[in-house]
Amino acid sequence: MDGTHTRDDAIPDRLTLHVGDEERLFERARRRSTPTELVVSPVELHQRNVQRRLRGAELPTDAFRFVDPVAIGGRVLEAAGRSTAAVDRVDRLSLIRSVLEAAGSDDPPGLSLPPGASPGDPRRVEQLRADVESITNFHPERIAGWTDAATGLDGPIDDEAAEILDVGLGVERALRSRTADAVSETALLRRATRSITATDGSAWDDAYPAIERLTLLGLSSLSAPHTDLVHGLVAATPVEVHVHFREGTGEYLRRRVPDLLAVSDPGAEAFE
Amino acid sequence: MRAADRLALSAPIDAPDVPTVEIAAPTRRDEARSALAAAAALREEGVPVRDIAVVARDLDPYEEPLFRAALQYDVAPVFWTQFRVTRTRPYALVESVCEALSGDVADRETLLRPLELRWSPGGSGGAPTPSGSADSETPSGDWPIEPRAVHRTREALPDGPRPLPEWIESIESTEDADDRVRRFAEWLDAAPAPEPSSVASLLGEAVDGYADRGLPETKAADSPALLDTETDARAVVRVRTLVRQLRRKLADRLDAGTLERLWGDVAELVGEIATQRPGRREHSNARALDVFEANDVWALEVPYVIAVGLTAEEWPKPPRSVLPPEFREAVLRGEGTTGSLAPQPAWVGGRDRDQFVDALRAAGRCVVLTRHTRTPGGEDAARSPLLDHLDTRRVAEESRRRLVGADRGLPPELRAVVADEPRGTRGSPEGDRE
């Protein structure tokens with residue numbers, strides 16, 4: 001766990017990637033009247049572990065504001081006066097059930113069922129939708145990348161991979177037509193990302209005026225929605241972003257980040 | 001370069017700076033006993049209990065054997081685990097009330113089920129007493145009704161389903177039926193059709209009744225560590241939240257016309273909400289041994305970490321994915337335009353690898369790694385390939401037996417670590433340091 005961090009040409013200036021090395025955070029613990037650093041960790045108990053370490057070392061936590069990634073999207077949209085209503089998983093499953101039932105009727109809404117899925121199996125369909133979202137963030141360039149990846153596979157896996165994409169996009173589209181709210185909390189994060197880039201960063205500034213640095217901690221993966229948020233932040237705001245991968249997967253993920261960032265217009269989606 | 005990317009997910013793991021001790025036991029139960037015996041023996045050597053943590057990749061198969069072993073070695077464990085509210089009594093109570101109200105008729109088991117789950121009238125007094133029946137008829141004002149009295153009433157009541165008003169009559173005309181059962185049946189019968197507010201207040205009353213009178217029963221019967229009481233109290237908090245969520249969700253569903261004003265539909269919605277919203281049992285007890293899932297130990301610092309379940313089948317255990325393996329492999333490789341797709345290292349055990357490393361790094365003094373060598377079906381359980389990254393000190397079977405036996409002797413491999421401890425850093429055996 002030595003100080004392995006990267007600043008190469010493919011990585012934007014204000015993005016620093018670490019493998020492990022969380023102790024760096026403790027060096028920045030100091031008294032502040034307002035927090036200047038957002039500390040973001042996807043696992044709920046990890047925030048508690050960091051706070052426990054800070055307390056144990058008798059370090060002040062004033063400089064940090066601990067949040068989960070979803071809360072960031074909500075706050076940015078709220079500050080912009082936009083709706084933050086999102087369908088939760090319980091309701092999403094029930095909406096999917098009705099989408100599937102409609103698809104089984106005489107009037108199919110252009111939705112083919114994935115292999116092994118039946119109208120009684122909304123969880124599997126939701127899993128496909130969530131996987132497509134986490135891998136592509138519904139970004140047009142990544143959707144094209146998925147299609148390329150599928151085409152490169154042997155049959156019949158090529159068709160299966162292509163069909164999974166169709167189902168994922170089809171369900172997402174069908175869900176959007178059935179609710180005025182955001183389909184998921186991830187959709188809020190995507191909206192927030194677009195809002196940050198479209199306003200040249202002022203949407204971020206309205207939500208987090210005092211924040212100078214965002215630290216993502218304890219990652220075992222970097223989903224497309226999180227990648228695009230990070231991308232949008234370093235492109236449109238002066239915020240310094242530090243990503244700390246976990247040690248077992250960090251080297252791999254660090255090498256993949258330049259390609260993950262190589263999409264234009266982060267937060268853009270394939271739906272009009 | 002691309003091949004190297006993929007290989008990075010199986011690259012060597014740096015061994016920790018502290019000794020690693022490996023204990024292999026025949027069965028999972030033996031393994032759990034070995035882990036807890038090691039914790040108990042360390043404590044007897046003066047290591048404070050707060051300086052020891054047990055870590056499992058997945059607590060599900062280990063919670064029960066670890067709990068039993070903890071009782072045997074007189075250690076109070078605290079499981080930091082997904083809190084399964086559906087397995088708790090307050091949840092079962094709410095569910096049973098909905099079920100007793102579902103449909104036009106109820107059978108005697110369904111009717112009495114909430115009483116078995118310690119239904120008690122909410123608030124300070126009794127259930128609404130309709131005109132004509134005086135309180136003095138109640139043989140005992142005590143709630144909840146004793147299990148024996150509920151049992152006696154069930155024996156005395158007729159078989160077969162019937163509507164609530166008939167049950168009330170039947171209870172009144174049955175000599176051996178406890179009058180408190182009648183009051184409960186009247187409370188049920190007075191329930192209005194399910195509207196968001198009425199559902200919230202009726203179920204809220206049931207939860208309040210439980211908190212006031214059911215919970216003390218758990219406490220009275222509990223062991224000194226009060227583990228069941230803790231579970232019960234947390235469940236009350238969770239079920240209260242659940243009732244609030246239910247009110248909102250019911251309103252939405254009724255507006256959308258996707259749900260009818262039927263208690264059966266309410267019961268189903270309760271189940272839907274409860275199984276979708278796992279909470280965590282967050283609890284810190286300075287006298288208890290922390291048992292964590294591996295995903296939660298990232299960035300923790302504990303001198304002695306005991307990691308269980310290091311078999312090839314269980315750690316690593318990549319999650320099942322709905323995506324074809326060939327496609328996942330292509331995304332992991334990320335060649336050409338596929339490089340923009342976000343890969344999940346978990347597909348090939350990456351998260352398990354992270355968690356294994358996290359468990360190693362959490363340890364400040366020593367890591368004990370345990371595994372079992374036989375499945376319940378009697379097949380061989382192979383050693384986890386993650387252990388190949390370490391040069392562990394292996395405990396001989398003879399030493400392991402002594403560890404779990406009556407004299408609880410520390411294996412030489414662990415004794416060496418404890419003996420090596422700088423003087424003056426050991427606390428009292430109870431070790432209430434926080």
Side-chain angles (χ1 to χ4, degrees), chain A residues 1 20 22 43-46 48-50 52-53 56 88-91 93-94 98 114 124 127-128 131 134-137 139 141-142 144-146 148-150 152-154 157 160-161 164 217-218 220-227 246-253 255-256 258-260 262-263, chain B residues 1 4-9 11 13-14 80 245 249 252-253 258-259 269 272-273 275-277 280 282 292-293 295-301 321-327 330-332 334-346 349-358 360-361 434:
Chain A
M1 274 218 270
E22 301 78 36
V43 181
E44 184 191 340
L45 274 185
H46 289 178
R48 188 196 55 108
N49 292 354
V50 169
R52 182 164 153 175
R53 286 271 292 273
D88 64 18
R89 189 176 147 86
V90 173
D91 287 345
L93 285 173
S94 126
S98 66
R124 187 184 149 87
Q127 185 61 54
L128 291 174
D131 276 1
S134 146
I135 293 170
T136 68
N137 203 22
H139 191 286
E141 290 170 30
R142 292 205 188 89
W146 183 306
D148 288 350
L153 298 171
D154 292 337
I157 310 292
E160 195 188 329
I164 286 171
L217 283 175
S220 273
S221 67
L222 190 57
S223 69
H226 291 173
T227 305
R246 280 153 92 175
E247 211 184 316
T249 54
E251 278 308 325
Y252 166 79
L253 287 168
R255 288 188 218 169
R256 289 297 313 275
D259 283 351
L260 291 177
V263 299
Chain B
M1 168 65 191
D5 278 356
R6 180 71 176 67
L7 283 175
L9 286 172
I13 290 169
D14 290 340
W80 293 73
Q245 289 174 325
K249 228 161 245 315
D252 291 350
R253 296 272 171 107
T258 54
L259 191 130
L269 186 57
E272 245 182 87
I273 298 172
T275 50
Q276 294 301 332
R277 300 240 164 205
R280 250 166 223 287
E282 295 231 9
F292 293 105
E293 286 202 332
N295 195 37
D296 295 334
V297 299
W298 172 87
L300 268 191
E301 278 182 327
S321 169
V322 291
L323 305 172
E326 296 84 351
F327 178 75
V331 175
L332 282 167
E335 282 161 7
T337 58
T338 309
S340 67
L341 300 179
Q344 286 173 27
R351 195 185 307 164
D352 296 320
R353 200 175 134 87
D354 276 339
Q355 294 173 2
F356 179 69
V357 178
D358 294 343
L360 298 179
R361 300 293 174 252
E434 280 186 41

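Per chain, numbering begins at 1; letters A, B, ... match sequence-line order.
- Interface check for chain B: of the options L222(A), D91(A), L217(A), the most heavy-atom pairs under 4.5 Å are formed by D91(A).
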Inset, instruction - Could you check R353(B) against R246(A) for side chain to side chain contact (heavy atoms under 4.5 Å, CB included), going step by step and ending with a plain yes or no? - result: CA-CA 9 Å; R353(B) 200 175 134 87; R246(A) 280 153 92 175; over 6 Å; no

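- Ranked by non-hydrogen atom pairs under 4.5 Å with chain B, the options V263(A), D131(A), V50(A) are led by D131(A).
- Distance check: T249(A) OG1 to Q344(B) CD gives 12.0 Å after rounding to the nearest 0.5 Å.
- Neither the backbone nor the side chain of I13(B) comes within contact range of chain A, judged by heavy atoms closer than 4.5 Å.
- Taking each heavy atom of D354(B) and G248(A) in turn, the nearest pair found is OD1-N, 2.7 Å.
- The closest donor-acceptor contact from the side chain of N49(A) to the backbone of D296(B) lies under 3.5 Å.
- Of the two parts of P343(B), the backbone and the side chain both hold a non-hydrogen atom closer than 4.5 Å to a non-hydrogen atom of chain A.
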Legend entry - side chain to side chain contact (heavy atoms under 4.5 Å, CB included) evaluation trace for R124(A) with V322(B): CA-CA 8 Å; R124(A) 187 184 149 87; V322(B) 291; 4.1 Å; yes

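- In this structure, R351(B) contributes its side chain and S220(A) its backbone to no donor-acceptor pair below 3.5 Å.
- The nearest pair of heavy atoms linking P345(B) to S221(A) is CD-CB, 3.8 Å.
- When all heavy atoms of L260(A) and S340(B) are compared, the pair lying nearest together is CD2-O, 3.6 Å.
- Here the closest heavy-atom approach between residue A161(A) and residue F327(B) is recorded as CB-CD1, 3.7 Å.
- For D358(B), the part lying near chain A is the side chain, with the backbone staying farther off; criterion is any non-hydrogen pair under 4.5 Å.
- Of the two parts of S134(A), the backbone and the side chain both hold a non-hydrogen atom closer than 4.5 Å to a non-hydrogen atom of chain B.
- Heavy atoms closer than 4.5 Å to chain B are found in both the backbone and the side chain of R142(A).
- Of the two parts of T227(A), neither the backbone nor the side chain holds a non-hydrogen atom closer than 4.5 Å to a non-hydrogen atom of chain B.
- In terms of non-hydrogen atom pairs under 4.5 Å with chain B, the most contact-rich of I157(A), N137(A), D148(A) is I157(A).
- The two residues V90(A) and I273(B) make their nearest non-hydrogen contact at CG2-CA, 4.2 Å.
- In this structure a side-chain-to-backbone donor-acceptor pair under 3.5 Å is present from R256(A) to L332(B).
- Using a 4.5 Å cut-off between heavy atoms, F356(B) makes no contact with chain A at all.
- Taking CG from D259(A) and CG from L341(B), the interatomic distance works out to 10.0 Å, rounded to the nearest 0.5 Å.
- For N295(B) against H46(A), the heavy-atom pair with the smallest separation is O-NE2, 2.6 Å.
- For T258(B), no part sits under 4.5 Å from any heavy atom of chain A, backbone or side chain.
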